[in-house]
Amino acid sequence: MTIRIYNTLSGKREALKPLEPGHVKLYVCGITTYDYCHIGHARSALAFDMIVRYLRYRDYKVTYVRNFTDIDDKIIVRAKEQKCSPEELANRFIDEFYVDMDKLGIDRPDIEPKATEHITEMTDIISELIDKGMAYQAGNDVYYIVDSFPEYGKLSGRNLEDMKAGARISVNEQKRNPMDFVLWKGSKPGEPTWESPWGPGRPGWHIECSAMSRKYLGETFDIHGGGKDLIFPHHENEIAQSEGANGKPFVTTWIHHGFVTIRDEKMSKSLGNFLTIRDILSHYHPEILRFFVFSTHYRNPLDFSETAMQDATTGLVRLYKCIAAVSSLNLAAGVGQSQSVIDDKDRLNIKALEGRFQQAMDNDFNTAQAQGIFFDTAKTINRILKNLPATPLPADITFLKDAGSTLKKLGDIMGILREEGTHFLDTRKQQMLAEIDIDETTIDALVAERFQCRAEKNWARSDEIRDQLLEKNIELKDGPDGTEWSVKRS
RNA sequence: GGCGGCGUAGCCAAGUGGCUAAGGCAGUGGUCUGCAAAACCAUUAUUCAUCGGUUCGACUCCGAUCGCCGCCUCCA
């Protein structure tokens, strides 16, 4: 089976064929470091984290590069506002970014280059483009000549004529063609500057990715990724720069993920409708955010709402309850005299888990389908658990425990089910308990009183206690070994 | 205006032309229970925005229409 990936360049799903067999080289556009990250950034980081984990699970070696844009207009403006240097501002938000990434359990990429540490690599490419007649200096700026690259527009499906017709680009007297874009900006007083053959200045936005990807992954590599909003102009311009300078294809496969929306509108700083990662993580467990993110295919829009987060919570708790129940099975308890209670259909269903998971994920990383398979498996496991006799066959217990381990192993690719089931549920219980107006001692006392009442068949008082606790969002569960309680979400 | 995408049950969401249109949430009936809860079982789309076309066969391909969203300016 091969992994098929949707390629923005061709508009089709294509089989993954790394240029170097078995080794995938991946470059992802990272953040501009001037503010806290919102959940749109989280989706990007999570999507590529999942992709890298899946490729590694499928035995590919992966070299994963993700950059930091640490010099740019927004950084300069924000630094001025906050009365610090652009460098200080950038470093501060890189640190904050790592705080969020660590909380989300996202692995670090192999290489995380910063734009400001690769100025020479950028000026090299700019010089090459000038030598080839594909760029020109105008004043203290250097521009790319879009007309020199006949394939300009091939990624975004545009042509220069159409773009000029609907041009919203501000007129710049220096440019020969309004579509030409800046490679190097002459510096204004007070701005960070670097020396260059064209005078002091700083790089344009697009050139950093051309320069850093070439340095770390070569002139041609397998996958380049980012948000859909980067298709034009950012990635289109990268192609023009890199293919122009190198005279070789730049990237085989372009992966672009969809946006996080709120009430079906793109979450963005300019609309002011964004929620930061730390906003969300102060209310929800990181795995709940991950479960939510992966409930929709990565290319589709993902609409954030409290309801959707509640659904994700319910779903993840359901899976955790299942694996907690399996891990609490005691292998030594079985004395082996009973027969297997697992019928062939259920056995096959559980055995098919990993194969079905791979089939879903091979098809353009279909995590939504993969989650469906998890639920389907959990349902089967729960059914078997229900039918398990007091002294189950040890082989049955082993079979179930293996199924639980497989769920955890596959869940780890999406970054879920990483905790022990009982630990996750207990922690959650404690957190929810802290939010409501009752303590554990009181609950235990009432439960004990109710136990006595039930023994005396005093159902009136027994129900009264249950209702009283339910008012505080405490749900009771009477089992053969006594009464358990849990905190209900209000 | 140009380009791209989406429209599948009350809600969310898979579906790589052909086997019963996954799965989750919510709902309903049942098993269990003193009654509940959880879990399990059953049930919930003769139909995939609409209308045409291609095909032996279409949710899936093509065209048109309607609606929504995104990009074309910084953006994940």
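What you see below is based on every heavy atom in this structure, not just the backbone, and it leaves out hydrogens, waters and symmetry mates. Just so it is clear: chains get the letters A, B, ... in the order the sequence lines come, proteins before strands, and each one is counted from 1.
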Over how many whole Å does the gap from [X] atom [atom1] to [N] atom [atom2] extend?
X      : N     : atom1 : atom2 : answer
A:L160 : B:G1  : CG    : C1'   : 17 Å
A:I231 : B:A76 : CD1   : C1'   : 12 Å
A:D264 : B:G7  : CG    : C1'   : 11 Å
A:E265 : B:C71 : CD    : P     : 10 Å
A:L469 : B:C35 : CG    : P     : 20 Å
A:F365 : B:A13 : CZ    : C1'   : 20 Å
A:K488 : B:A26 : NZ    : P     : 12 Å
A:F181 : B:C74 : CZ    : C1'   : 16 Å

Does [X] get its side chain close enough to the base of [N], under 3.5 Å, for a donor-acceptor pair?
X      : N     : answer
A:D478 : B:C35 : yes
A:N159 : B:G2  : no
A:R466 : B:C35 : yes

What's [X] touching, base or sugar-phosphate or nothing? Going by heavy atoms closer than 4.0 Å.
X      : answer
A:R450 : base
A:D463 : base
A:K457 : nothing
A:S462 : base
A:R13  : sugar-phosphate
A:V260 : base
A:K269 : nothing
A:H297 : sugar-phosphate
A:L230 : sugar-phosphate
A:D73  : nothing
A:A308 : nothing
A:N366 : sugar-phosphate
A:L476 : base
A:R43  : nothing

Roughly how far apart, to the nearest Å, are [N] and [M] at atom [atom1]?
N     : M     : atom1 : result
B:A49 : B:G5  : C1'   : 15 Å
B:A14 : B:G24 : C1'   : 11 Å
B:U50 : B:A9  : P     : 10 Å
B:G1  : B:A64 : P     : 15 Å
B:U47 : B:G30 : C1'   : 28 Å
B:U28 : B:C66 : P     : 41 Å
B:U46 : B:C51 : P     : 15 Å
B:C25 : B:G18 : C1'   : 32 Å

Discussion item. For A:F97 and A:H41, I'd like to know if the aromatic rings sit close, meaning centre-to-centre distance below 6.0 Å.
Written reply: no

Discussion item. Using ring centroids (six-membered ring only for Trp), state whether A:F181 and A:Y143 fall under 6.0 Å.
Written reply: no

Do [X] and [Y] sit within salt-bridge range, that is, some charged N less than 4.0 Å from a carboxylate O?
X      : Y      : answer
A:D72  : A:K74  : yes
A:R466 : A:D463 : yes
A:R108 : A:D102 : yes

Ignoring backbone atoms, establish whether [X] has a side-chain N or O less than 4.0 Å from OP1 or OP2 of [N].
X      : N     : value
A:N300 : B:C12 : no
A:N382 : B:C40 : yes
A:K266 : B:C71 : yes

Worksheet item: Is A:W459 stacked on the base of B:G34 when the test is centres under 5.5 angstrom and planes under 30 degrees?
Response: yes

With a 3.5 Å limit on both atom pairs, tell me what [N] is paired to, counting Watson-Crick and G-U wobble, or say none.
N     : value
B:C25 : B:G10
B:C61 : B:G53
B:C68 : B:G5
B:C35 : none

Shortest side-chain distance from [X], nucleotide among [options]:
X      : options             : value
A:D311 : B:A76, B:C74, B:C25 : B:C25
A:R383 : B:G34, B:C74, B:C40 : B:C40
A:R158 : B:A76, B:C41, B:C71 : B:C71
A:R318 : B:A37, B:C25, B:A76 : B:C25
A:D376 : B:A38, B:A76, B:G23 : B:G23
A:T314 : B:C25, B:A37, B:A76 : B:C25
A:Q369 : B:A76, B:G15, B:A37 : B:G15

Worksheet item: Of A:L271 and A:H234, whose nearest nucleotide on RNA chain B comes first from the 5' end?
Response: A:L271

Worksheet, complete the sentence: 5'-most contact on RNA chain B (nearest-nucleotide basis), A:H41 vs A:R4, goes to A:R4

Would you mind reporting whether [Y] and [X] have side-chain heavy atoms less than 4.5 Å apart?
X      : Y      : answer
A:F259 : A:M267 : no
A:N67  : A:Y27  : yes
A:H285 : A:F424 : yes

Worksheet item: What orientation do A:H256 and A:H235 show, parallel under 30°, tilted 30 to 60°, or perpendicular over 60°?
Response: tilted

Worksheet item: Among A:D222, A:V251, A:V52, A:V65, whose side-chain contact (heavy atoms from CB on, under 4.5 Å) with A:L26 holds?
Response: A:V52

